[in-house]
Amino acid sequence: MSFRLQVRNYRGLRAVDWSPEGVCALVGANGSGKTTLLDVPALLGDALDRGWARALEAHGGIANARNLYAAGDDPYDFEVSVGNVVWHLAPVLAEIGFRSRERLTVAGQLAIVREAGAEHALSGHNHERLQVGDSLALKVGDAMPEARAIIDPLSRYRLYGAYDLVALRRSGSPDSSERRLDRRGGSVFTVLRNWRDKRKDHDRCEFVLEGLRDIFGDFFEGLDFVKAAQVVGADMHLKRGRVHSASLAPDGWFAALLHLTAVASTDDGDVIGIDEPENALHPRAIKLLLEHMRTWSRRRNVTILLATHSPVIISDFDTRPEQLFVMQPDQPVSPVAVTDLKERDWLAHFTLGDLYTREEFGAPRDDAEHRPHHDG
């Protein structure tokens, strides 16, 4: 899915203008705001579902949500554009309570608006009265199908990477009808079993298993799912007919399993983020994992956003440098495509991972006074 995300003065992000598409990598120094940026779509999705105040509390709290270095009159807002649909939000901390200025435009025409502190807003389409806690976008989406172009991807967005492997190894997955991987990865065996048992989801399960066979072909052949009480676990089929519990698998196998399942949890046009997907994986496994991600991305028009420090992942973008984005401290707006920082012909003489290691781009700035205050 092609979309544009703009952010001003949220936590460690001073000014963002980003239009990623396909499989993209985001690089930069610690504290540059990579994780914060990948979390913004999740924040906006939660704002759709639960309202702005609850969303901010769930994503680090309202206190200090505004960038510490922003002047009092600097704008503090968010905007998402998909095609001709634009959703704009500006948080406002009132004397009592927390509100937001919010507007939705379609084809340049204002469809609905709410000013901070207002008890209701009027839609030009259905003139429904909105309560303070209502989401404008969800409400108008019921009357304007075109608004779903923004609502659906944001509502489904998830940021992965902080998986709880200890709990997964110890307890398996709770039995349920879940069809999407949860953020911590605890539902993975249940999700895979459910995909296997539903004809319309067979391709999701096969995508994950084929990826694992490709990446770990020296020992892995397949999975059987085992239900005990209200828990779903798995047995691994290994080479030479051996079988043992998946709970004994190496961390790298679990990392690939969870990343592939996260990717396969997306529907057409979705967007997901994965923070530091390289953790626990051999360089060859990383490269094969990226190949499978790109296959799914092309097949389903899915945008996959990767925050990374891995030279292996970064070098994998040598032939597609326009999809490598940098949180560059000396730029007024971030992230910046590496092709906007360096000439493409010059880049072609090097591997991008080596350039990143040599701090040709994405290096920490020396001016500590202006460093962002939140780790990314």
Side-chain angles (χ1 to χ4, degrees), residues 22-25 158-161 163 165 168-169 173 178-225 232-239 243-244 246-268 270-306 308 310 312-313 315-317 320 323:
V23 179
C24 298
R158 286 181 178 174
L159 173 58
Y160 294 99
Y163 302 122
L165 292 188
L168 184 57
R169 289 180 186 277
S173 300
E178 182 61 58
R179 294 178 54 250
R180 292 181 63 210
L181 184 67
D182 65 287
R183 290 182 174 92
R184 301 303 299 273
S187 64
V188 63
F189 295 131
T190 295
V191 167
L192 286 170
R193 182 207 59 184
N194 293 343
W195 287 348
R196 181 202 64 185
D197 294 343
K198 293 284 186 181
R199 177 171 296 184
K200 66 178 182 178
D201 289 328
H202 280 178
D203 64 326
R204 301 178 193 268
C205 186
E206 282 305 307
F207 169 80
V208 175
L209 294 178
E210 287 173 9
L212 292 174
R213 293 185 193 106
D214 190 22
I215 297 169
F216 303 104
D218 55 331
F219 67 86
F220 176 77
E221 289 189 339
L223 282 178
D224 280 338
F225 302 104
V232 177
D235 287 336
M236 296 177 62
H237 285 255
L238 307 178
K239 296 291 186 179
V243 178
H244 71 59
S247 65
L248 303 175
D251 284 355
W253 182 87
F254 267 107
L257 167 75
L258 291 162
H259 294 331
L260 290 167
T261 306
V263 168
S265 294
T266 58
D267 288 334
D268 293 356
D270 276 356
V271 184
I272 66 165
I274 303 178
D275 199 8
E276 298 187 354
E278 64 269 20
N279 289 344
L281 287 169
H282 185 276
R284 179 178 178 275
I286 293 172
K287 293 177 182 179
L288 292 172
L289 176 64
L290 288 171
E291 287 181 15
H292 286 275
M293 287 183 177
R294 290 194 175 99
T295 296
W296 188 268
S297 174
R298 289 190 298 267
R299 185 185 303 170
R300 297 294 185 104
N301 187 29
V302 167
T303 296
I304 303 172
L305 309 176
L306 311 173
T308 184
S310 167
V312 175
I313 291 181
S315 293
D316 201 71
F317 287 82
R320 46 183 74 82
Q323 291 180 302

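Quantities reported herein were computed from a predicted structural model and do not represent experimental measurements.
With rounding to the nearest 0.5 Å, the separation of CD in Glu178 from CH2 in Trp195 is 9.5 Å. To the nearest 0.5 Å, atom CG of residue Asn301 and atom CH2 of residue Trp296 are 13.0 Å apart.
The two residues Met236 and Ala249 come nearest to each other via the heavy atoms SD-CB, 3.5 Å. Listed here is the closest heavy atom pair of Asp275 and Leu159: N-CD1, 4.2 Å.
Heavy atoms of other residues, nucleotides or ligands lying less than 6.0 angstrom from NZ of Lys239 number more than 12.
Note on Asp267 versus Arg204: salt bridge recorded, some NZ/NE/NH1/NH2 to OD/OE distance being below 4.0 Å. In summary, Asp270 and Arg158 do not engage in a salt bridge, as defined by a charged side-chain N under 4.0 Å from a carboxylate O.
Side chain of Asp224 to main chain of Asp235: no donor-acceptor pair is present (N/O by atom type, distance under 3.5 Å, no hydrogens or angles). Remark: the backbone N or O of Thr190 is paired with a side-chain donor or acceptor of Asn194 at under 3.5 angstrom. For the pair His202 (side chain) and Arg196 (backbone), a donor-acceptor distance under 3.5 Å is present. The backbone N or O of Leu168 lies less than 3.5 Å from no partner atom in the side chain of Arg184, so there is not a single donor-acceptor pair. Judged by distance alone, the side chain of Ser297 and the main-chain N or O of Thr303 form no donor-acceptor pair under 3.5 Å. Using a distance-only test at 3.5 Å, with no hydrogens or angles considered, no donor-acceptor pair links the side chain of Thr266 to the main chain of Ala262.
Looking at heavy atoms from C-beta onward, Glu278 lies out of side-chain contact with Leu281 at the 4.5 angstrom threshold. A heavy-atom distance below 4.5 Å is found between the side chains of Val263 and Ile274. A 4.5 Å side-chain heavy-atom check between Val243 and Glu221 finds every atom pair outside the cut-off. Side chains of Glu276 and Thr308 form no contact here, defined as non-hydrogen atoms less than 4.5 Å apart.
By the 30° and 60° cut-offs, the orientation of the rings of Phe220 relative to Trp253 is tilted. The aromatic rings of Phe189 and Phe254 lie perpendicular to each other, with more than 60° between the two planes, well past the 30° mark.
Separation of the His259 and Tyr163 ring centroids falls under the 6.0 Å cut-off.
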